Amino acid sequence: MRFEGQISKQGRFWAVEVPILGLVTQGKSRTDAYRMVADAIEELVQKPDFSVEVFPSDGTYFEVGSADTGTLMALLLKRQRLLHGVTLAEAASRLQTTSPNTYARYEQGRAKPSVEQLGRLLRAVNPGSDLVLTTSRPRQPRATISS
């Protein structure tokens, strides 16, 4: 699983953004900015041995991902809930369950949703949205940057 990102030169710095995570940071060089975004994601997760790879592309597009897709999916769910100002109780109610644990177990990585369930969980925190899948498009050969 990977998330799309954007990088652009902003004065003396390179700004990087991963919109689906609501994450923005910067670096003194393109490479430094990629390292910073990987480090920011790893800090949000705070799990030993969790690492993020950055997959640069031509232009302003890049991708970030991890071999630990369960943890990455859990981070996505938590960030989306927080970005949309939804409590665990509200998310559970929107899923038509009375237990906040229903959403929390996915957010904590204790359960891994199917693609269909992931769509339901994301709509619970952002009604009207939909899960859109696309293919990866980093440049070839693949160059990766790890933090």
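We use all heavy atoms of the structure for the numbers below, so side chains are in, but hydrogens, waters and symmetry mates are not. The model shown is predicted, which means the values in this text are computed figures rather than measured ones. By convention here, the first residue in the shown sequence is residue 1.
The heavy-atom pair separating Leu95 from Thr102 by the smallest distance is CD1-CG2, 4.2 Å. Residues Arg123 and Asp130 come closest through the heavy atom pair NH1-OD1, 3.4 Å. Pairing each heavy atom of Glu43 with each of Gln46, the nearest pair is O-CG, 2.8 Å.
No continuous path of hydrophobic side-chain contacts links Leu88 to Leu82 [ILVMFWY only; heavy atoms under 4.5 Å]. Tyr103 and Tyr106 fall within the same hydrophobic cluster, where Ile, Leu, Val, Met, Phe, Trp and Tyr residues are linked whenever their side-chain heavy atoms come under 4.5 Å apart, directly or through other members. Two different hydrophobic clusters hold Met73 and Val132 under the rule that ILVMFWY side chains link at heavy-atom gaps under 4.5 Å. Residues Val86 and Leu83 are members of separate hydrophobic clusters, defined by side-chain heavy-atom contacts under 4.5 angstrom among Ile, Leu, Val, Met, Phe, Trp and Tyr. Cluster annotation: Met36 and Tyr34 are assigned to distinct hydrophobic clusters (Ile/Leu/Val/Met/Phe/Trp/Tyr, side-chain heavy-atom contacts under 4.5 Å, transitive).
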Exercise answer: donor-acceptor pairs, residues 3-13 side-chain atoms, under 3.5 Å, sequence neighbours excluded:
{"from": "Gln6", "atom 1": "OE1", "to": "Thr60", "atom 2": "OG1", "distance (Å)": "3.0"}
{"from": "Ser8", "atom 1": "OG", "to": "Gln10", "atom 2": "NE2", "distance (Å)": "2.9"}

Sequence neighbours excluded and cut-off under 3.5 Å, please list the side-chain donor-acceptor pairs for residues 19-27, or say none.
none

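How far CG of Leu122 is from CD of Gln80: 6.0 Å, rounded to the nearest 0.5 Å. Annotation: the span from Leu76 atom CG to Met1 atom CE amounts to 6.5 Å, rounded to 0.5 Å. Note: Ser114 OG to Arg120 CZ = 9.0 Å, rounded to the nearest 0.5 Å.
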If you apply the rule side-chain contact (heavy atoms from CB on, under 4.5 Å), what do you find for Ile41 with Phe50, and how did you get there? CA-CA 10 Å; Ile41 293 168; Phe50 176 78; 4.2 Å; yes
Determine whether Leu72 and Val45 satisfy the following criterion, side-chain contact (heavy atoms from CB on, under 4.5 Å), listing intermediate values before the conclusion. CA-CA 8 Å; Leu72 203 56; Val45 169; 5.9 Å; no
Apply side-chain contact (heavy atoms from CB on, under 4.5 Å) to residues Val18 and Phe62 and explain how you reach the verdict. CA-CA 9 Å; Val18 180; Phe62 70 93; 4.2 Å; yes
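No donor-acceptor distance shorter than 3.5 angstrom exists from the side chain of Ser66 to the backbone of Val52, with no hydrogens or angles considered. The backbone N or O of Ala124 lies less than 3.5 Å from a partner atom in the side chain of Arg94, making a donor-acceptor pair.
Considering only heavy atoms from C-beta on, Lys78 stays 4.5 Å or farther from Leu44 through its side chain. Using a 4.5 Å cut-off on side-chain heavy atoms (C-beta onward), Phe55 and Ser136 make no contact.
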